[in-house]
Amino acid sequence: MRNIEWKSIFIVIFLLILDLIFLKLMEKKTNINSELKRKLFHVSMGIVMLIFPYIFRFSISVFVLAIFSLIILVILKNTKLKDSFGTILYSVNRESLGEIFFVISVLLIFYLSKGDKILYSIPILVLTFADSSAALIGKNYGKRDLAEANEDTKSLEGSFIFFIVAFMCSLVPLLLFTNVGREETLIISAIIGFNVSLIEMISHSGNDNILIPITSFALLVTHLELEVEVLRINLLILFAIFIIIRASNKVKAWSKLALVEAFAIGYLTVSLYGIYALIPPIILFLTCMRFPKIGENEKNNLYDARIIETNVLAGIIICAIAKNTGEFAELFMIYALAYSMHLTINTFVRLKYYFNLSEIKCVFYSFIKGVCFIFLPSLIIQKIIFGYIPNIYTNIFMLCILFLSTIFIMLQKRDVKEEKITIKNGYIHMKIVFLLILVTFICTKIF
């Protein structure tokens, strides 16, 4: 309790309430639309969040503030206040958890930055200004919609504005408040702006409020320590991944934003883990719809960005853990196991519902595919990059976990007569992978 800075907490809460009152008065006296109200609140509170490193010293204080803020938001959404002050946030005609993600992201960035004002400020600046600019420009002037299927509307014009503003939000602080060289600053700002604009493009349900700052932070941490020669190479890698994904645009099974997500995840994986870590997701991407090849009854299926998200989230989280702990060698096979399970689960579903094989054959063939295409190649990478292979018992245990993934998806789908490519099914697959990865992580740490 001694470290909780109550005075600063009450100042921020007071500013939050004052902001709501001001916007409510503006709403009554003008014809301000719902989206503009929401974004004005977003920007004004983002500006307030920028002073956090100057008024808070302890993360526990920001945690307490986050709890109070979430309580206020819940009250605004679920009481009669929703029809008064709640209209500032909840009058838009779409489901969004953006305000919740906003609070969580500020807490995470404050904790992770550990008092470094640049590491804290740039992600919050990008979240505050780039996101709002893209939303308003895209909504009012966007002509070229990139979204397909059930994806949220994303315009090329809004994404371009996001890149420009994110680039400037990174460039100006790095130039004015750090000793980073000019060329390095330009490259880092361009990499952040480009990648985060892609992340915004594939976001949905308000999750951009957490994906944008976390990605900005990750790119800052991984690139500020690099020499200019390495940054130039990273630009080339960025370009190479873009060419690969662009060439994949001919694959009709993937939406445009799904390919954008593959691009963004590819570069983020390289930044956090290393270029060798691209191999498991690339194999998943290239073989998911092969061996067997796409059947006639599969050709109309469209895999959107949210489906891609469910297949890569576990891998990206492991990348972040490896970067934070430095346990790259120890976590690589667990990382590869996550992608092996996704390939195995996806193959099981395809074999059962589109090729009408028996459950026994589906389990056997999908397990063999996961082992041969990702798990075994990853063991070779482990040996080449890190100079050793985990002991035989660890490998047997992970193979058992991989086999369990086929059993779990078989049980999950036992009463399902027809498979549909939906985000709901994507989440089912992701939950199985997360559960088994958690078991693997705990067991390998204990034993």
**Prompt:** Can you check whether Y120 reaches K114 side chain to side chain, under 4.5 Å on heavy atoms?
**Reply:** no

**Message:** Between S189 and T185, is there a side-chain heavy-atom distance shorter than 4.5 Å?
**Reply:** yes

**Message:** Working to the nearest 0.5 angstrom, can you tell me the gap between L313 CG and I316 CD1?
**Reply:** 8.5 Å

**Fill in**
Heavy-atom closest pair (F167 atom, L186 atom, distance to 0.1 Å) is CE1-O, 3.8 Å

**Message:** Just to verify, what does R182 make a salt bridge (charged side-chain N to carboxylate O under 4.0 Å, His left out) with, not counting sequence neighbours?
**Reply:** none

**Message:** Tell me if a side-chain donor or acceptor on S105 pairs with a main-chain N or O of N209 at a distance below 3.5 Å.
**Reply:** yes

**Message:** Would the distance check show the side chain of T128 and the main-chain N or O of L125 forming a donor-acceptor pair, the cut-off being under 3.5 Å?
**Reply:** no

Per-pair distances, 0.1 Å, donor-acceptor, side chain in residues 53-64, under 3.5 Å, sequence neighbours excluded:
| unit_1 | atom_1 | unit_2 | atom_2 | d |
| --- | --- | --- | --- | --- |
| S61 | OG | N3 | O | 3.1 |
| S61 | OG | E5 | N | 2.9 |
| S61 | OG | E5 | OE1 | 2.7 |

**Prompt:** Would you find more than 12 non-hydrogen atoms of other residues, nucleotides or ligands less than 6.0 Å from E225 atom CD?
**Reply:** yes

**Item:** Aromatic centroids of Y339 and Y335 separated by under 6.0 Å
**Value:** yes

**Asked** Heavy atoms, side chains only, cut-off 4.5 Å: are I118 and F177 in contact?
**Response** yes

**Prompt:** So, N346 side chain and H342 main chain: donor-acceptor pair closer than 3.5 Å or not?
**Reply:** yes

**Item:** Geometric class of the F332/F386 ring pair [parallel <30°, tilted 30-60°, perpendicular >60°]
**Value:** tilted

**Message:** Is the shortest side-chain heavy-atom distance between I345 and F408 below 4.5 Å?
**Reply:** no

**Prompt:** Does some side-chain heavy atom of L108 sit less than 4.5 Å from a side-chain heavy atom of I210?
**Reply:** yes

**Asked** Would you say the side chain of I317 lies within less than 4.5 Å of the side chain of F434, judging by non-hydrogen atoms?
**Response** yes

**Item:** S197 side-chain N/O to F163 backbone N/O, donor-acceptor pair under 3.5 Å
**Value:** no

**Request:** Please check if atom CD1 in I11 has more than 12 non-hydrogen atoms from other residues, nucleotides or ligands closer than 6.0 Å.
**Result:** yes

**Request:** Spell out, as yes or no, whether a donor-acceptor pair under 3.5 Å connects the side chain of R350 to the backbone of C288.
**Result:** yes

**Fill in**
Rounding to 0.5 Å, atoms CZ (F102) and CE (M49) come to a distance of 5.0 Å

**Prompt:** If you take all heavy atoms of I161 and S133, which pair is closest and at what distance?
**Reply:** CG2-CB, 3.8 Å

**Request:** Apply the test side-chain contact (heavy atoms from CB on, under 4.5 Å) to residues D208 and F101: give CA-CA distance (whole Å), side-chain angles for both, the deciding distance (0.1 Å), then the verdict.
**Result:** CA-CA 8 Å; D208 52 343; F101 289 135; over 6 Å; no

**Request:** Might you work through the side-chain contact (heavy atoms from CB on, under 4.5 Å) test for L238 and F263, ending with a clear yes or no?
**Result:** CA-CA 9 Å; L238 195 66; F263 177 93; 3.9 Å; yes

**Fill in**
Closest non-hydrogen contact found for G370 with T344 is CA-OG1, 3.4 Å

**Prompt:** Are any non-hydrogen side-chain atoms of I318 and F441 less than 4.5 angstrom apart?
**Reply:** no

**Closest non-hydrogen atom pair between E200 and D131, with its separation** = CG-OD1, 4.0 Å

**Request:** Please report the closest heavy-atom contact between F129 and C169, naming both atoms and the distance.
**Result:** CB-SG, 4.2 Å

**Message:** Quick check: F194 with F239 (ring centres under 6.0 Å apart)?
**Reply:** no

**Item:** Short side-chain to backbone donor-acceptor contact, T222 and L219, under 3.5 Å
**Value:** yes

**Prompt:** Quick one: CG on L220 to OG on S113, what's the gap to the nearest 0.5 Å?
**Reply:** 10.5 Å

**Message:** What's the separation between atom OG in S216 and atom CG in L119, rounded to the nearest 0.5 Å?
**Reply:** 11.5 Å

**Message:** Quick check against the 3.5 Å criterion: does N324 have a side-chain atom that pairs as donor or acceptor with the backbone of A320?
**Reply:** no

**Asked** Say you draw a straight line from OG1 of T215 to CD1 of I265; how long is it, rounded to the nearest 0.5 Å?
**Response** 7.5 Å

**Message:** Go through it in stages, so that I can follow the logic: the residues are I202 and E309, the test is side-chain contact (heavy atoms from CB on, under 4.5 Å), and I'd like the CA-CA distance, side-chain angles, deciding distance and then a yes or no.
**Reply:** CA-CA 9 Å; I202 59 179; E309 178 185 303; over 6 Å; no

**Asked** Side chains of V48 and D19: does their closest heavy-atom pair fall under 4.5 Å?
**Response** no

**Prompt:** Once you round to the nearest 0.5 Å, how far does CZ of R232 lie from CD1 of I187?
**Reply:** 6.5 Å

**Request:** Take I409 and M341, measure what side-chain contact (heavy atoms from CB on, under 4.5 Å) needs, and give me the verdict at the end.
**Result:** CA-CA 10 Å; I409 193 65; M341 283 194 282; over 6 Å; no

**Prompt:** How far apart are the closest heavy atoms of H223 and I188, and which atoms are they?
**Reply:** O-CD1, 3.7 Å

**Asked** Would you say F14 has more than 12 foreign heavy atoms packed within less than 6.0 Å of its CZ?
**Response** no

**Item:** Any donor-acceptor N/O pair, Q382 side chain to A329 backbone, under 3.5 Å
**Value:** yes

